[in-house]
Visitor: 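Below is a structure I'd like to ask you about.
We name chains A, B, ... by the order of the sequence lines, and we start the count at 1 in each one.
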Number of protein chains: 2
Amino acid sequence: MAKLEDVAKRAGVSTATVSKVLSNTPYFTESTRQRVMRAVEELGYVPNLAARALAAGKTSIIAVVFPHVYDGVFQDPHTLHILQGIEAECTQRGYNILLSTPRLTPDGVDEHYLRLIQSGYIDGIIALDNVPIYSVLEPIRSKSIPVVNLGTHPSEHYVHTNDYSGGFQLMQHLLELGHRAIGIISVPNDLNLSANHRMEGLRAAAQAAGVDFDALPIAEGDFSITSGAACADLLLQQFPTLTAFVCLNDRMAMGAVQLVHRIGRRVPDDISVVGYDDIPMAAVFDPPLTTIDAHAPTRGRDATRMLFDVLNGKFPDPVVYPVDLIVRESSTHT
Amino acid sequence: MAKLEDVAKRAGVSTATVSKVLSNTPYFTESTRQRVMRAVEELGYVPNLAARALAAGKTSIIAVVFPHVYDGVFQDPHTLHILQGIEAECTQRGYNILLSTPRLTPDGVDEHYLRLIQSGYIDGIIALDNVPIYSVLEPIRSKSIPVVNLGTHPSEHYVHTNDYSGGFQLMQHLLELGHRAIGIISVPNDLNLSANHRMEGLRAAAQAAGVDFDALPIAEGDFSITSGAACADLLLQQFPTLTAFVCLNDRMAMGAVQLVHRIGRRVPDDISVVGYDDIPMAAVFDPPLTTIDAHAPTRGRDATRMLFDVLNGKFPDPVVYPVDLIVRESSTHT
DNA sequence: ATCTTATAGTTAAGCGCTTAACTACAGCAA
DNA sequence: TTGCTGTAGTTAAGCGCTTAACTATAAGAT
């Protein structure tokens, strides 16, 4: 494998000159540049990233941190959506993605993650930092690693989505369809901060319409499809006259739809069901789900662009994305 | 940030001794070990992985290579399933996952991937190498990077699934239910080697039952849900009396189911639909899909264990997993 | 008692690159 | 003409760790 030194010899210059040409930093003439680049091609030279990392502290690696607290990270297509946006941007800029899925407790985060953070191996971090019990950004605060947060724990740089508005629009949608007997399929409030904001939006929309939110029945799942079905089952046993379910993500909505069909009733004729996140399956589910589009790939991409701005010494403003209500066929009038 | 040298000073030994203690290589006394470990903890020392990579050629990073030829890598829950198994094993062994999604052409692979391969940044590679036009392992063959292939391009070390048997069982299942008017929803044969093997299994089962496989109508999608719906639509227009669809993945099966319902017919009453891969949604789709379980998380985990065996100088045998037919509610007698 | 091998720890070279400091010269302003 | 600043390229130190080769001693075999 060719080294910088080999390129230098072939081009008839010093290693510093080769390094300057490759990084396009002053000074070199055009004829020197051409000789160097010809040598690079002839030798098939590729920089050793470990040496570069050691010498310059730059690794061309971005860590994407998805806390592994519930099953979501490897079950939720939402994860892939965010990665899709991040990957497109990183690849375009010649960076690599290191995927980190730390386990969390109230006291902290696993040792493996801590070692990664301190390893000198990461130029920057994009985190989906949404677990209430602990912020994966906590160990990073005393480091100088640039971070962009797609979650809602406090962070200097972030790309958020307006979960409150999403919750508000979902509830408003059902209320405008005439529903008042609405079951809420939620998750425990120590599972996910975004979910908590969605609940606040649900509450606000209910209150704005003069509906007593606290009187609405709630069941807590864990974002999984099966938990959505179980919640729907529980709610319908306790409140057989419910005419709608509002679910905090699409997968629980799909579970709810499945349960409703299983007991011989129909969505949306008998019970409307709405979800959140607009995962790919939402559009082709039967019936296609009414949901909130939170623009996951776009947020992934823009978080990555923000991170590169920070890496380049800029000071980008935080971004809060609006969400869009996507009305499909799983909701209708009472 | 503490360096090895700081630990050495605090423990009153040389840096070589600290390195020996941390890597547990000969020789050191127990009292030396304890003094070193106390210093490590007091200083919060974490090895600089770039320096270690440069000095020893070991990076604690595994590259997971998912070629990005169709939408699948970021749309297919199967991707997440494989990653789930890989991640569990890597994290347990203190390794990190670098996610690489190279773009392919018949002539080769993108520059970014080539740079990664040659960067000295990867201890080993796990590849889902299934795209017929080019093998992502090709640029690696002249390198000494250990590789385990989850796809079906030739590789010294591999964990495969028996796609042929899966195809065979799917077709056999439908034939045993009495179906003969079977539409096949496939993909172009230059898209995915596993799909090609599944087709061969379909053909073999048909021939074993005395059914003229070439007389069966075929439409080609691209593994996406929408293409599955489009294929079902096309096939039903041309062959309205079809009683079954066999689809080469679950997402196309879901699209087919959606299309059948959309034209007012029912699955499986009017048309049976079977898929492949058993993605999480398959079990809760309406109706739940009959499919082939190809054990994605297990294969991810075992591919990773195999890679670590190779990294540790062992010579593991390749593994070919059986697949399992999962009969659910989307298929029934004609 | 002597020789050989193992144990315990240390010194220092080097992994491959970046970049500060340097040498030499060119161009411009006073 | 002289002094200052910029251009072009080079030298060499160092980033942080690993580990070969070294020194010293201990233990075992003859």
Visitor: Just checking A:K143: does its NZ atom have more than 12 heavy atoms from other residues, nucleotides or ligands closer to it than 6.0 angstrom?
Guide: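 Yes.
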Visitor: Would you mind reading off the distance between A:Y27 atom OH and C:dG27 atom C1', rounded to a whole angstrom?
Guide: 13 Å
Visitor: Relative to the ring of A:Y121, is the ring of B:Y121 parallel (under 30°), tilted (30 to 60°) or perpendicular (over 60°)?
Guide: tilted
Visitor: Name the first nucleotide and the last nucleotide along DNA chain D (5' to 3') that come under 4.0 Å of a heavy atom in chain A.
Guide: D:dT7 to D:dG16
Visitor: Would A:E41 and A:R38 pass as an ion pair if we require N to O under 4.0 Å?
Guide: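 No salt bridge links A:E41 with A:R38.
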Visitor: Specify the separation, in whole Å, of atom CZ of B:R33 and atom C1' of C:dG9.
Guide: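 In whole Å, C:dG9 C1' lies 17 Å from B:R33 CZ.
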Visitor: Is it true that, when you exclude B:E42 itself, more than 12 heavy atoms of the residues, nucleotides or ligands shown sit nearer than 6.0 Å to its CD?
Guide: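 Yes, the 6.0 Å shell around CD holds more than 12 heavy atoms from other groups.
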Visitor: Need to verify one output field. Residue with the more 5' nearest nucleotide on DNA chain C, B:T29 or A:A51?
Guide: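 It is B:T29, whose closest nucleotide lies nearer the 5' terminus.
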Visitor: For DNA chain C, which residues of residues 11-26 of chain B approach it to below 4.0 angstrom with any heavy atom?
Guide: B:V13, B:S14, B:T15, B:A16, B:T17, B:K20
Visitor: If you look at every heavy atom in B:I117 and B:I145, which pair is closest and at what distance?
Guide: O-CD1, 3.4 Å
Visitor: Is there a donor-acceptor pair closer than 3.5 Å between any side-chain N or O of A:D123 and the backbone N or O of A:I62?
Guide: no
Visitor: Using 30° and 60° as the class boundaries, would you call the ring planes of B:F308 and B:Y95 parallel, tilted or perpendicular?
Guide: perpendicular
Visitor: Given A:E89, which partner from the list A:R299, A:R305, A:R301 fulfils the salt bridge (charged side-chain N to carboxylate O under 4.0 Å, His left out) test?
Guide: A:R305
